[in-house]
Amino acid sequence: MSETSLWRDVTAVPPEEALVIAPDGRTARQSRWWTPPEPTRPLAEGAPRVRQALSEAVRARTDEGGVVSCDLSGGLDSTSVCFLAAASPARVVASTWPGRDPADTDLYWARKAAGFLPNVEHVVWDPDEAPPVYADLLGIDDLMDEPSIGVMDRARALHHLPGLARRGSRLHLTGIGGDHVAWCSEAYYHRLIRTHPLFALRRLRGFRTLFPWPLLDTARVLTDSRPYGRWLAFSADRLRDPLPTGASGALGWGTPPRLFDWVTPEAAHTVTRVLRAAAREARPLHPDRGMHGDLEQIRLCTRIVRQWDRMAARAGVPMASPFFDDRVIEECLAVDPAERVTPWTYKPLLATAMRGVVPDVCLERSNKAHASMDAGHVIAGGRHEELLARNATYRELAAGQPLRTTAAGSAGQLPTR
């Protein structure tokens with residue numbers, strides 16, 4: 001439904017198809033130009049191909065030289081892009097936004113990476129200068145072609161661009177997309193539990209250690225073989241139910257839709273009607289639930305990034321996300337998901353692909369930061385410091401105690417820089 005036209009008698013062209021217009025300009029046809037690869041390539045064979053594709057994607061933006069800027073959060077995604085850009089003819093400015101969360105280790109890892117890049121200017125911004133989430137929502141005047149959740153973080157995403165422009169940056173490279181292609185959906189294990197049961201069971205035990213997946217709910221989702229349309233129709237009648245467990249979204253066709261309590265009965269009726277109608281003809285993006293989940297998250301994220309790119313270009317420094325180049329997506333999706341998503345290693349595909357490009361010590365990071373504290377600060381009206389002071393974990397951190405966090409991320413998340 002997210003790709004359905006909002007206008008009567010106007011048909012949306014799916015992302016994997018092209019609109020071919022006849023020379024007379026009067027007739028047109030749709031032609032499929034892209035098909036997802038079969039995810040069967042071993043990691044040892046696929047990693048060099050991913051490295052090559054990502055290197056070419058970065059070179060396409062940097063071979064002209066000049067000054068380019070890169071996000072350097074210290075995570076595997078932005079760090080990989082930054083090292084590839086640093087090896088190009090362009091002069092690189094690395095940009096780091098530290099988080100307000102005392103458990104956020106981005107700055108530590110970013111500085112570790114910058115230490116291996118002596119010719120890169122590393123800019124560390126003051127976290128207290130970053131606009132809050134939801135800032136200036138009513139003042140946005142960008143010309144967007146559809147509503148976008150990207151406006152929620154617009155002020156933060158664009159705030160550093162003027163400073164990078166003053167340093168000469170002609171283009172800003174992000175690490176957005178690494179979460180969506182270098183990692184992948186755990187829903188592949190819905191198939192693997194049937195084709196390789198013992199292997200899948202061992203992995204699922206590991207995932208249940210990382211994630212709060214109740215055993216019965218996990219088993220229920222794994223034994224659910226309903227086709228996509230039936231799952232969607234079933235969800236349409238449960239929009240007021242409590243939120244499902246994480247296992248439903250991770251291992252099934254997706255997170256079942258739910259409505260907030262404040263949604264009116266009339267609106268709820270409309271949503272139910274539209275969902276039921278869509279379910280009658282709905283087809284998954286791929287028969288494999290894992291590939292369906294990967295493609296869905298890639299599409300959702302690229303739609304947000306597209307709007308950010310337009311906003312950034314208007315602000316004076318266009319943005320680009322090499323992980324979302326077609327060839328990079330293809331090479332990542334072609335790798336066997338049994339090796340691409342595992343509870344034992346964080347982003348093994350990217351870590352293997354970047355071996356020899358990024359120093360090994362920078363590939364050891366096994367966690368990632370979240371911006372939930374920044375959002376919570378706004379929602380709580382600035383009371384988060386008081387709340388954190390009561391938290392035992394925060395007190396340990398304030399006393400200098402290290403916080404150990406687990407690794408595995410998920411493709412089902414908003415873009416992160």
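Here the side chain of Ser235 pairs a donor or acceptor atom with the backbone of Trp231 at under 3.5 angstrom. Judged by distance alone, the side chain of Ser88 and the main-chain N or O of Leu84 form no donor-acceptor pair under 3.5 Å. Listed for the Ser78 side chain is no donor-acceptor partner under 3.5 Å among the backbone atoms of Thr174. A donor-acceptor distance shorter than 3.5 angstrom exists from the side chain of Thr223 to the backbone of Ala219, with no hydrogens or angles considered. In this structure a side-chain-to-backbone donor-acceptor pair under 3.5 Å is missing from His190 to Ser225. Under a 3.5 Å cut-off, the side chain of Arg32 and the backbone N or O of Trp34 do form a donor-acceptor pair. Counting only distance, with no hydrogens or angles, the side chain of Arg208 and the backbone of Trp213 share a donor-acceptor pair below 3.5 Å.
Taking the side chain as every heavy atom from C-beta outward, Arg29 and Ile21 never approach each other to under 4.5 Å. Inter-residue side-chain proximity for Met144 and Val151 is flagged as met; some heavy-atom pair is nearer than 4.5 Å. A heavy-atom distance below 4.5 Å is found between the side chains of Leu239 and Pro257. Using a 4.5 Å cut-off on side-chain heavy atoms (C-beta onward), Val123 and Val93 make contact. Within the 4.5 Å cutoff, no side-chain heavy atoms of Leu72 are placed close to those of Phe83. At least one side-chain heavy atom of Met354 sits under 4.5 Å from a side-chain heavy atom of Leu54. Taking 4.5 Å as the limit, every side-chain heavy atom of Val341 sits out of range of all side-chain heavy atoms of Leu349. No side-chain heavy atom of Trp125 sits under 4.5 Å from any side-chain heavy atom of Thr96.
When all heavy atoms of Ile176 and Cys301 are compared, the closest pair comes out as CG2-SG, 3.9 Å. Nearest heavy-atom pair, Pro244 versus Pro256, reported as atom, atom and distance to 0.1 Å: CG-CD, 3.6 Å. The shortest heavy-atom contact between Pro14 and Gln30 is CD-NE2, 3.6 Å. Between Leu43 and Pro48, the shortest heavy-atom distance links the atoms O-CD, 4.4 Å. When all heavy atoms are compared, the tightest approach of Leu275 to Ala236 is CB-CB, 3.6 Å. Scanning both residues, Arg194 and Leu222, for their nearest heavy atoms gives NH2-O, 2.7 Å.
Taking the salt bridge (charged side-chain N to carboxylate O under 4.0 Å, His left out) definition, one finds that Asp360 meets it with Arg355, sequence neighbours left out. Here Trp7 pairs with nothing under the ring-ring contact (aromatic ring centres under 6.0 Å, His included) rule; sequence neighbours left out. Residues passing the side chain to side chain donor-acceptor pair (under 3.5 Å) test with Glu56 are Gln52, sequence neighbours excluded. For Glu64, there are no salt bridge (charged side-chain N to carboxylate O under 4.0 Å, His left out) partners, not counting sequence neighbours. For Arg310, there are no salt bridge (charged side-chain N to carboxylate O under 4.0 Å, His left out) partners, not counting sequence neighbours. Residues passing the ring-ring contact (aromatic ring centres under 6.0 Å, His included) test with His159 are Trp97, sequence neighbours excluded. A search for ring-ring contact (aromatic ring centres under 6.0 Å, His included) contacts involving Tyr189 returns Phe207, not counting sequence neighbours.
The structure places OG1 of Thr245 at 6.0 Å from CZ of Arg220, a figure rounded to the nearest 0.5 Å. Once rounded to the nearest 0.5 Å, the distance linking CZ of Arg191 with CG of Asp288 reads 4.5 Å. Once rounded to the nearest 0.5 Å, the distance linking OG of Ser2 with CD of Glu296 reads 7.5 Å.
The side chain to side chain contact (heavy atoms under 4.5 Å, CB included) test with Leu173 is passed by exactly one of Val92, Asp71, Thr62: Thr62. When each of Val305, Val50, Val81 is paired with Phe323, the side chain to side chain contact (heavy atoms under 4.5 Å, CB included) condition holds for Val81 and for no other.
Residue pairs meeting the salt bridge (Lys or Arg N to Asp or Glu O under 4.0 Å) criterion with at least one partner in residues 235-260, sequence neighbours excluded, are Asp237-Arg276. Contacts classified as salt bridge (Lys or Arg N to Asp or Glu O under 4.0 Å) and involving residues 133-148 (residues at least two apart or in different chains) are given here: Asp141-Arg314, Asp142-Arg154, Asp142-Arg314, Asp145-Arg306, Glu146-Arg303, Glu146-Arg306. A salt bridge (Lys or Arg N to Asp or Glu O under 4.0 Å) check over residues 331-354, counting only residues at least two apart or in different chains, returns the pairs Arg41-Glu331, Arg49-Glu331, Asp77-Lys347, Asp179-Lys347, Asp294-Arg340. Judged as a ring pair (Phe, Tyr, Trp, His ring centres under 6.0 Å), the pairs with a partner in residues 272-300 (not counting sequence neighbours) are, in order, Tyr228-His292, Trp253-His292.
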Would you be so kind as to tabulate the donor-acceptor pairs closer than 3.5 Å made by side chains of residues 108-119, with sequence neighbours excluded?
residue, atom, partner, partner atom, Å
Tyr108, OH, Lys112, NZ, 3.4

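Salt-bridge check for Asp325 with Arg61: passed, with a basic side-chain N closer than 4.0 Å to an acidic carboxylate O. A salt bridge does not link Asp224 to Arg230: none of the charged nitrogens lies less than 4.0 Å from a carboxylate oxygen.
Remark: Arg226 is positioned above the aromatic ring of Phe234, its terminal NZ or CZ atom under 6.0 angstrom from the ring centre and at most 45 degrees off the axis.
With a 6.0 Å radius and a threshold of 12 heavy atoms from other residues, nucleotides or ligands, Arg167 has its CZ atom above the threshold.
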